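From a predicted model like this one, the values you see are computed outputs, not experimental measurements. Residue numbers begin at 1 in each chain, while the letters A, B, ... track the order of the sequences.
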Amino acid sequence: RKEVEQDPGPFNVPEGATVAFNCTYSNSASQSFFWYRQDCRKEPKLLMSVYSSGNEDGRFTAQLNRASQYISLLIRDSKLSDSATYLCVVNFVLGNQFYFGTGTSLTVIP
Amino acid sequence: DGGITQSPKYLFRKEGQNVTLSCEQNLNHDAMYWYRQDPGQGLRLIYYSQIVNDFQKGDIAEGYSVSREKKESFPLTVTSAQKNPTAFYLCASRPDRINTEAFFGQGTRLTVV
C-alpha cells in the first residue's frame with residue numbers, strides 16, 4: 001500500500017469551473033500536509049500548506065480530515081494558468097520523511 | 001540569494017558508469033532529500049538526511065548512494081547497479097521543524113545512452 005494516494009486524473013475542465021482533488025494517506029501519525037504545484041519538466045513548488053482548521057488562499061482552499069485521513073484541494077474559477085500537476089505531500093513524524101502522492105494532472109480548457 | 005542548487009541540469013551516462021549528481025543549499029536547512037521522478041509519475045524517495053554524517057534509505061535506495069559530510073551538500077551517486085537510471089532527479093531541503101515546507105532544486109535530468 002502506498003503511503004500517499006491520489007487520483008492521477010487527468011482532469012480537463014473549462015475555464016471558470018470549480019475542480020476538487022483528494023488525497024489519502026495511510027499513516028495516522030502524519031504530522032503536516034502540503035499541496036505542491038509542478039509545471040511540465042520543472043521542480044515542484046509549494047502551493048499551500050494544509051492546516052487542521054482548513055485554509056484558503058484566493059481561489060484555492062485546502063482541507064484536512066484527520067479522522068478519514070485525507071486532504072483536499074479546491075480550485076474555484078479555474079484559469080488557463082492553473083494547468084499543471086498538483087501533488088499532495090505528507091510529512092510523517094517518524095524519521096521526518098516527506099512523501100509525495102503521484103500527482104493529479106489538471107488541464108484548463110479555453 | 002538563498003536557495004538550493006542542483007547540477008548539472010542535463011546529464012548523459014553510458015551504461016555501466018557511476019555518476020554523481022550535486023545538490024548544494026545555503027538555506028541552513030538540516031534535512032535534505034533525494035527523489036526520483038519518472039514520466040507521468042510522482043516523486044519517489046531515494047535517500048534522506050536529517051543531520052550531517054547521517055542518512056536513511058527511502059523507498060527506492062537500491063543502486064544509489066549518498067553522503068552528507070557537510071550541512072550544505074548532499075550528493076547522490078547513481079551506480080551501475082541501478083538498472084533503470086534514466087529519470088528526473090530532484091533534491092530538496094527543509095528546516096527540521098514541524099509544518100515546514102520543502103524547497104526544491106531545479107532538478108537533474110539523467111539519460112543513459
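- Both A:Leu106 and A:Leu80 belong to a common hydrophobic cluster when Ile, Leu, Val, Met, Phe, Trp and Tyr are linked at side-chain heavy-atom distances under 4.5 angstrom.
- If you measure heavy-atom distances from B:Leu43 to chain A, the contacts under 4.5 Å come from both the backbone and the side chain.
- Ranking A:Ser49, A:Pro44, A:Ser32 against chain B, the residue ahead of the rest is A:Pro44, based on heavy-atom pairs under 4.5 Å.
- Proximity to chain B is limited to the side chain of A:Gln38, based on heavy atoms less than 4.5 angstrom apart.
- The structure places CD of B:Gln37 at 10.5 Å from OG1 of A:Thr102, a figure rounded to the nearest 0.5 Å.
- Note: the hydrophobic cluster containing A:Ile71 also contains A:Val19 (ILVMFWY, side chain heavy atoms under 4.5 Å, direct or indirect links).
- Using non-hydrogen atoms only and a strict 4.5 Å limit, the part of residues 75-90 of chain B facing chain A consists of B:Phe88, B:Leu90.
- With hydrogens and angles disregarded, no donor-acceptor distance shorter than 3.5 Å links the side chain of B:Tyr48 to the backbone of A:Phe98.
- Aromatic rings of A:Phe100 and B:Phe104 (six-membered ring for Trp) have centroids within the 6.0 Å cut-off, being under it.
- Here the closest non-hydrogen pair linking A:Phe34 and B:Thr100 is CZ-O, 3.3 Å.
- Note: the hydrophobic cluster containing A:Val13 also contains A:Tyr86 (ILVMFWY, side chain heavy atoms under 4.5 Å, direct or indirect links).
- Looking at A:Tyr36, only its side chain comes within 4.5 Å of chain B, counting heavy atoms on both sides.
- Residue pairs meeting the ring pair (Phe, Tyr, Trp, His ring centres under 6.0 Å) criterion with at least one partner in residues 6-30 of chain B, sequence neighbours excluded, are B:His29-B:Phe103.
- Every residue two or more places apart in sequence or in another chain was checked for a salt bridge (Lys or Arg N to Asp or Glu O under 4.0 Å) with B:Arg109, and none qualifies.
- For CD of A:Glu15, the number of neighbouring non-hydrogen atoms (other residues, nucleotides, ligands) closer than 6.0 Å is greater than 12.
- At a threshold of 4.5 Å between side-chain heavy atoms, the hydrophobic network of Ile, Leu, Val, Met, Phe, Trp and Tyr places A:Leu74 and A:Leu64 in two separate groups.
- The CZ atom of B:Arg94 sits 11.0 Å away from atom CG of A:Leu46, with the distance rounded to the nearest 0.5 Å.
- Hydrophobic clustering of Ile, Leu, Val, Met, Phe, Trp and Tyr side chains at less than 4.5 Å, counting indirect connections, unites B:Tyr47 with B:Ile60.
- When the side chain to side chain contact (heavy atoms under 4.5 Å, CB included) test is applied to A:Tyr70, the partners found at least two apart in sequence or on another chain are A:Asn22, A:Thr24, A:Asn65, A:Ser68, A:Ser72.
- If you check the side chains of B:Gln6 and A:Glu43, you find no donor sitting under 3.5 Å from an acceptor.
- Counted within 6.0 Å of CD on B:Gln106, heavy atoms from surrounding residues, nucleotides or ligands total 12 or fewer; the atom is thus considered open.
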